[in-house]
Amino acid sequence: METLLELEEKEDEGGDIEQKELSPQELLDGETTVNINITSPGDTPFGRTKPVNLSACPGAYQHNSPQEKQLLVIADNFSSQYSHIFPHRKPLFLCPLNECGVKKFVSTTLRSTMLPYSGLYDWDNCASFVADHLVLQALDPPIEPPRRLISPTLLLETQTGTCFDISTLLCSLLLGAGYDAYCVTGYAVREMCLLDQSRQECPLLVGEAEVKVEGTSAEDERQVRKYAVKPPRELRSTFERAQQELKEQEARAELLRGQREAQRLQEELERPPPDTLQGQMLHCWVLVLAGKREIRDHFFIDPLTGKGYALGDQSFLGVEALWNQHNYWVNMQDCGRGCSDMEYNLGDTTMWESVLFRITEKEEEEEEEEEWSEEPQPFEMPRSWVDTIALSKQDLERRWPGGSRSTQYRKAKLEQFTPYLLPDGLVTRLTTYTDLECEEVDVVREWFQNRLDHLEERELQSATNVTLEHFSPGCKLKLKTHSYVSLAPGTERRMDFHSRACPAGLLRRVESPGQMEETFDHRDDLLHSRHVFYTRSPEGGSQEPGGRPLERVVERFRRDAAKAAREDVAERVFLFSEGSIEVTFHLEDDRIIPVRRSFVKPRVLPDGQRAESWRPGMVTGYQGDPHEDPPKNVYLYEMLTALMDEEEKVALQIKHSETEVREILATREREESNPELRISIYDTARNEKVQRYREDMIRAQEESQKQVKKEIDLLAPFLARLGDPEVLSSQQAQKVLEDCLANQRMRMIEQGKILQARYDKETQALQREQQLYQINQLNMRKEEEERYHAYCSETVFKIGVIKQRQSRHKEITPQKHLALKEKLIRDPRLAPHL
């Protein structure tokens, strides 16, 4: 069996298989079919290594119906007239061969289908999926239409096709979603036909580009106040100002000329080589007309990229024809200036010539109002020969062939992966370069999904080797962003936290070899920031975070409205190396200098005892208000004691922060060395716990069924009498059979006796009541008489039911006996001997 590609190669080489033009009579008489196998070129995605057996295709794929044969005659006649009237134009793409080698009209290859996925309902999502899911097979030669147009069902299976195949699938899905879509064949630029995006900007970079808007000057933004104080007059020479402005203008003009020259040289460098087939390369795309699905303007869709374009886009050079599931239209307009001046009024025969005569909706309404006539009805397009287009949920999730795709853009490379394809959860990688040859890496950005550590994005700057990571809420480390050069402790880094999730209200932590700065939020003590300075260790000294001695710690606090400004601490500095503490209070509204105090701590001996007692000279500062009494010594002593206690707490908090940093780095290193992914409990295909639970349920159900079968074993009590032998002899088998049938016979007799006893009991009871009624009839009250009649009615009903059960028992007893005998004879333990 030859593949489709081999057949095309033989056709190109002039082999045995040739494309034969069939006459109208031959089309009506029948058609030849070719049984072939198709395999996608290159590596087949998703493990589809087996060729597609086209001999198993439905009959509509391998044969034409009478209506289709008539349509082929009409198309052949139309093509002949078109070639005669327009000999300079290329032949129309009307009736290519399908995958089975049968000629099919292009409109019947469209199969309007709406897939059961809400994500494919809008045109942009649908076009993007089709472009990602399929691989382009370029036209060969690029100026001729393909000889074959495969069905959308086979295209989804092989995931490889020409632009005509991909446009047919996309148009079918858009028609099913309610759009007024058409397949268009025409001419486009080389980059679009060959899917060459190496000179285009990456969509991710374009979306993140900042839009520069010229703002108003500072003078225009100044609010003009009627009673504002006029600024002092600037005593500067007007001539010097004019000369300065002239120099600045010349500098700006020179800079602008340099930028334009650099831009021109860059454009010359990036200019693609000349296209020898400009305006001749065939392409197929999709046209969406306004009117349906709230579409206001017509637009084009390139099926290879999934992008929408305006009708006047310079990438589209001309239109030959277009078609949908109802008709085929040939363009009669001039495309010398591209597609910008074209009109898409398909009912205007001066602009578009259709293959089939099709009346408009208005004409249909008018004809319905008129009386019925015997005039022949116009030929209707046959229904599509393609099966219903189906897409599995696995293919929808997998999206790209093989689960990944790499696209080269201008100075960028975009790699996309299916979720759960890579063990680290990577779904997108964007690498930007500094040169056009894409050799020098500038920035590498990676996006992740379903990470257990909640890592969402990572950015690596190649020039500085700085890595920036972004985490989603829910990270157990409370991280929001993490910027670092290395995960080794003591290096430069910046950590942003979710302050609401941190008990200490930590918002940011910036660390360097000699400093550490922490920023806080939502704290009860109104602490805003803490800046730690470490003493530089000598050469060869310990560089571990726990071994760095403290030199100075600066803490800043927010304003507490419940306290007076002169009593509310704004900043306190613990000078560990100098043995002193400095406190600065918030500035009062009517002051320009805040209140400050500086304390000198008493010296402490190695055994923990103080070497000197406190004295007033250890405190200096600025009072602020000269008329206010200075604070008492007791107050200053208590303040110093409290500050010394706070100093010890601050030192412990700093040690805790250093330990926390080391733990975070160790955890991040473990997470990166062995990344784990989150799997939803609703994802039964990947969740191992759900799979194990399902397997346990199935196993328990099977065991329960086995137990039930074991419990209803008819031969178990009779085999037990014989000692449960593994193999029965002929006499034992005959005895077991007779005993089992005799047991059933006895049970049926017992059931008959029980029914007869119930019948006799109810009959005797009814007779007694009737006798009593005959004796006491004249003396009975009305209530007793009503009770007697109700009893008689109920008893008669019971007797009737018992009679029916007796009749049924007599009928089914022989049947049950025969059924049991046949079942026993078929039993594998008795069958060899009976």
Side-chain angles (χ1 to χ4, degrees), residues 86 89-90 92-93 106-107 110 122-128 130-131 139 142 145 163-164 166-175 177-197 199-201 203 206 275 277-355 358 360:
F86 303 102
R89 295 180 66 172
K90 293 184 177 181
L92 295 175
F93 185 70
V106 290
S107 295
L110 292 172
D122 295 329
W123 73 266
D124 49 353
N125 296 332
C126 183
S128 176
V130 171
L139 297 177
C163 56
F164 288 81
I166 301 175
S167 296
T168 301
L169 173 61
L170 177 58
C171 187
S172 300
L173 298 181
L174 293 179
L175 289 172
Y179 290 95
D180 190 9
Y182 301 81
C183 287
V184 183
T185 174
Y187 307 95
V189 296
R190 175 182 55 189
E191 288 74 16
M192 178 171 288
C193 296
L194 301 179
L195 192 56
D196 182 9
Q197 305 181 73
R199 301 185 185 278
Q200 299 180 12
E201 294 292 339
V206 173
D275 186 7
L277 300 176
Q278 177 70 18
Q280 302 181 32
M281 298 188 68
L282 274 178
H283 190 51
C284 187
W285 63 93
V286 176
L287 165 67
V288 178
L289 296 183
K292 295 184 178 180
R293 290 290 306 271
E294 301 180 358
I295 299 298
R296 298 181 179 179
D297 300 318
H298 311 327
F299 64 94
F300 291 143
I301 301 177
D302 181 22
L304 306 184
T305 60
K307 298 179 182 178
Y309 294 87
L311 298 182
D313 194 277
Q314 297 180 358
S315 300
F316 302 94
L317 306 179
V319 174
E320 283 286 354
L322 56 87
W323 65 91
N324 64 358
Q325 77 275 30
H326 299 303
N327 211 337
Y328 187 100
W329 293 268
V330 179
N331 179 30
M332 308 299 293
Q333 307 172 63
D334 183 19
C335 297
R337 292 185 296 178
C339 304
S340 57
D341 298 335
M342 289 186 59
E343 297 290 338
Y344 293 91
N345 182 12
L346 302 181
D348 190 348
T349 56
T350 61
M351 299 180 181
W352 299 93
E353 185 67 32
S354 61
V355 173
R358 183 173 177 82
T360 61

Qualifying residue, where the test is side chain to side chain contact (heavy atoms under 4.5 Å, CB included) with Y182 and the options are W329, W285, Y328 | W329
Could you go step by step and tell me if S315 and V189 meet the side-chain contact (heavy atoms from CB on, under 4.5 Å) rule?
-> CA-CA 5 Å; S315 300; V189 296; 4.1 Å; yes
With side chains defined as the heavy atoms from C-beta onward, is the minimum distance between N327 and L346 less than 4.5 Å?
-> no
Please list, chain by chain and in numerical order, all residues satisfying side-chain hydrogen bond (donor to acceptor under 3.5 Å, both in side chains) with D348, sequence neighbours excluded.
-> T350
Could you point out which residue of H283, E320, Q280 forms a side-chain hydrogen bond (donor to acceptor under 3.5 Å, both in side chains) with Y187?
-> E320
Rounded to the nearest 0.5 angstrom, the CG-CG distance for L169 and L110 is 10.0 Å
Under 4.5 Å between any side-chain heavy atoms of F316 and M192, yes or no?
-> yes
Nearest heavy-atom approach of Q278 to L317 is NE2-CD1, 3.6 Å
Identify the heavy atoms of C284 and S167 that sit nearest to each other, and give their distance.
-> O-OG, 2.9 Å
Side-chain touch I301/L174, heavy atoms, less than 4.5 angstrom = yes
Within-4.5 Å side-chain heavy-atom neighbours: L170 and C126 | yes
Parallel, tilted or perpendicular: which describes the rings of H298 and Y344, with under 30° parallel and over 60° perpendicular?
-> perpendicular
Who pairs with E201 by side-chain hydrogen bond (donor to acceptor under 3.5 Å, both in side chains), at least two apart in sequence or on another chain?
-> R410
Is the backbone N or O of D196 less than 3.5 Å from a side-chain atom of R190, with the two atoms forming a donor-acceptor pair by type?
-> no
So T185 and W323, side-chain contact (heavy atoms from CB on, under 4.5 Å) or not? Walk me through it.
-> CA-CA 9 Å; T185 174; W323 65 91; 3.7 Å; yes
Between G318 and C335, which heavy-atom pair has the shortest distance, and what is it?
-> CA-CB, 3.9 Å
Is the shortest heavy-atom distance from the side chain of L287 to the side chain of L311 under 4.5 Å?
-> yes
Passes side-chain contact (heavy atoms from CB on, under 4.5 Å), M332 versus T349? Steps please.
-> CA-CA 8 Å; M332 308 299 293; T349 56; over 6 Å; no
Distance col, row W123:CH2 vs I295:CD1, nearest 0.5 angstrom, shows 8.0 Å
If you take all heavy atoms of K292 and Y179, which pair is closest and at what distance?
-> CD-C, 4.3 Å
Counting only N and O atoms by type, is there a donor-acceptor contact under 3.5 Å from the side chain of S107 to the main-chain atoms of H326?
-> no
Can you check whether V286 reaches F300 side chain to side chain, under 4.5 Å on heavy atoms?
-> no
Indicate yes or no for a side-chain donor-acceptor contact from D124 to the backbone of A127 under 3.5 Å, with no hydrogens or angles considered.
-> no
Heavy-atom donor-acceptor pair, N331 side chain to V319 backbone, under 3.5 Å | yes
Using the test side-chain contact (heavy atoms from CB on, under 4.5 Å), find all partners of T305 that sit at least two apart in sequence or belong to another chain.
-> L195, Q197, D302, K307, Y309
Out of curiosity, Q325 CD to S172 OG, how far, rounded to the nearest 0.5 Å?
-> 8.5 Å
Candidate pair V130 and I166, rule side-chain contact (heavy atoms from CB on, under 4.5 Å), full reasoning | CA-CA 7 Å; V130 171; I166 301 175; 3.7 Å; yes
Heavy atoms from other residues, nucleotides or ligands near CZ of R337 exceed 12 (cutoff 6.0 Å) = no
